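Here the structure comes first, spelled out in structure tokens, and everything after it is commentary.
Here the structure is a predicted model, which means the values were calculated and not measured. Order of the sequence lines fixes the chain letters, A, B, ..., with proteins taken first and strands second; residue numbering starts at 1 for each chain.
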Protein chains: 2
Amino acid sequence: MDQVKQFNDYLNRKGLKTTSQRMIILETFLESDSHYSTEDLYLKLRAEYPKIGYATVHRTLKLFAECGIAAERNFGDGQTRFEPIDAEGHHDHLVCTECGLIIEFEEPQIEELQKTAAAAHKFTIESHRLELYGRCAACVAAGD
Amino acid sequence: MDQVKQFNDYLNRKGLKTTSQRMIILETFLESDSHYSTEDLYLKLRAEYPKIGYATVHRTLKLFAECGIAAERNFGDGQTRFEPIDAEGHHDHLVCTECGLIIEFEEPQIEELQKTAAAAHKFTIESHRLELYGRCAACVAAGD
DNA sequence: TAGTTTATGAAAATCGTTTTCAATATCTCA
DNA sequence: TGAGATATTGAAAACGATTTTCATAAACTA
């Protein structure tokens with residue numbers, strides 16, 4: 001697990017400590033490729049580790065984002081979600097406005113065009129977010 | 001002003017009322033092409049119309065979004081922003097992570113590719129958001 | 001291992017947003 | 001036009017997600 005190393009390196013570099021909670025949260029976070037809100041992950045953890053507090057989960061998720069193993073996302077429902085950043089590459093999201101389904105997709109050509117657009121405005125890109133909102137096949141089929 | 005008509009039509013259709021506050025807020029909102037948070041617009045209005053309350057500003061911005069003359073945006077700073085939708089067409093955003101500068105840009109080719117990606121997953125697209133985060137020319141020039 | 005520093009969990013505080021409610025304004029139609 | 005019905009307003013309270021506080025516990029350093 002490369003991400004475990006990346007997290008530990010970050011902790012050391014910042015003079016932070018390796019605690020059992022942080023390791024448990026990291027492990028659980030990486031197990032699934034879901035888009036976790038603090039609440040989601042807290043509830044999932046609570047089943048097995050009832051002692052871990054909500055604040056700790058939230059603080060740890062923020063740490064993940066800081067050290068680059070998680071991305072913070074906001075799909076407009078008022079909750080911040082975190083998802084593991086897989087080393088391979090970036091992906092974007094299709095969000096169903098009816099059932100909430102989230103599908104990930106990749107489109108390298110779009111990435112290229114983004115670079116072009118940024119260059120036209122002399123911007124140095126660090127990151128981006130692209131979300132397409134609409135209705136998934138199932139919801140369309142089910143009618144309104 | 002086409003947008004004024006669009007707003008009034010919406011109010012009539014929904015059985016809502018045309019009030020002086022709503023007209024003032026609409027006028028002020030359209031005057032500038034900024035990306036207003038409720039707070040921003042409330043403060044701007046307060047200078048000239050100190051009687052207008054925060055809740056009214058917020059409720060009215062939501063109405064603008066509902067009737068299609070404003071778009072709700074979230075650039076990750078924890079505040080929802082509203083911007084007028086100009087009839088011409090859609091645009092996306094470049095956001096400077098250092099100074100907060102927001103630049104609008106259009107890239108029709110990206111829109112095309114989005115349709116392709118959505119079709120591949122049988123999604124019916126209703127809307128999308130694309131934001132590129134990075135550093136603007138001035139901030140890059142100023143060094144870190 | 002003692003001493004120092006950081007982390008934890010529970011509760012409280014905070015921030016943006018939304019709702020409540022009594023008073024006020026708008027609209028309808030006689 | 002003007003009374004009655006209905007929606008809107010503004011202030012304050014409620015709300016939900018996030019962040020902070022603080023005393024206790026755990027991890028690291030030498």
In whole Å, I'd like the distance from the CE atom of B:Met23 to the P atom of C:dT26.
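In whole Å, C:dT26 P and B:Met23 CE are 11 Å from each other.
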For B:Glu131, which residues count as a salt bridge (charged side-chain N to carboxylate O under 4.0 Å, His left out) partner, sequence neighbours excluded?
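Here the qualifying residues are A:Arg129, B:Arg129.
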Look at [X] together with [Y] and state whether they make a salt bridge at an N to O cut-off of under 4.0 Å.
{"X": "B:Glu72", "Y": "B:Arg81", "value": "no"}
{"X": "A:Lys44", "Y": "A:Asp40", "value": "no"}
{"X": "B:Arg13", "Y": "B:Asp9", "value": "no"}

Measure from the side-chain N and O atoms of B:Thr97 to the backbone N and O of B:Gly134, and report whether any donor-acceptor pair falls under 3.5 Å.
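Such a contact is found between B:Thr97 side chain and B:Gly134 backbone.
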Only counting residues at least two apart or in another chain, list the ones meeting ring pair (Phe, Tyr, Trp, His ring centres under 6.0 Å) with B:Tyr42.
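Only B:Tyr54 meet the ring pair (Phe, Tyr, Trp, His ring centres under 6.0 Å) criterion with B:Tyr42.
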Using a cut-off of strictly less than 4.0 Å between a heavy atom of the residue and any atom of DNA chain D, enumerate the qualifying residues of residues 8-19 of chain A by number.
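Result for residues 8-19 of chain A: A:Lys17, A:Thr18, sorted by number.
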Could you tell me if the ring centre of A:His91 sits under 6.0 Å from that of A:Phe105?
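When the ring centroids of A:His91 and A:Phe105 are compared, they turn out to be at least 6.0 Å apart.
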A:Phe29 and A:Phe82: aromatic ring centres closer than 6.0 Å?
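Not close enough - the centres of the two rings lie 6.0 Å or further apart.
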Using a 4.0 Å cut-off on protein heavy atoms (strictly under), produce a 5'-to-3' string for nucleotides 10-17 of chain C with B for base contact, S for backbone-only sugar-phosphate contact, and - for none.
B-----SB
Just the endpoints, please: which first and last nucleotides of DNA chain D, 5' to 3', lie under 4.0 Å from a heavy atom of chain A?
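Range of nucleotides touched by chain A: D:dA17 to D:dC28.
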Determine: side-chain N/O of A:Gln21 to OP1/OP2 of C:dG9, distance under 4.0 Å, yes or no.
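Checking A:Gln21 against C:dG9: at least one side-chain N or O falls below 4.0 Å of OP1 or OP2.
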Is the closest side-chain heavy-atom distance between B:Val95 and B:Leu101 below 4.5 Å?
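They are not in side-chain contact.
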Can you list the residues that meet the side chain to side chain donor-acceptor pair (under 3.5 Å) rule with B:Tyr10, with sequence neighbours excluded?
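Here the qualifying residues are B:Glu66.
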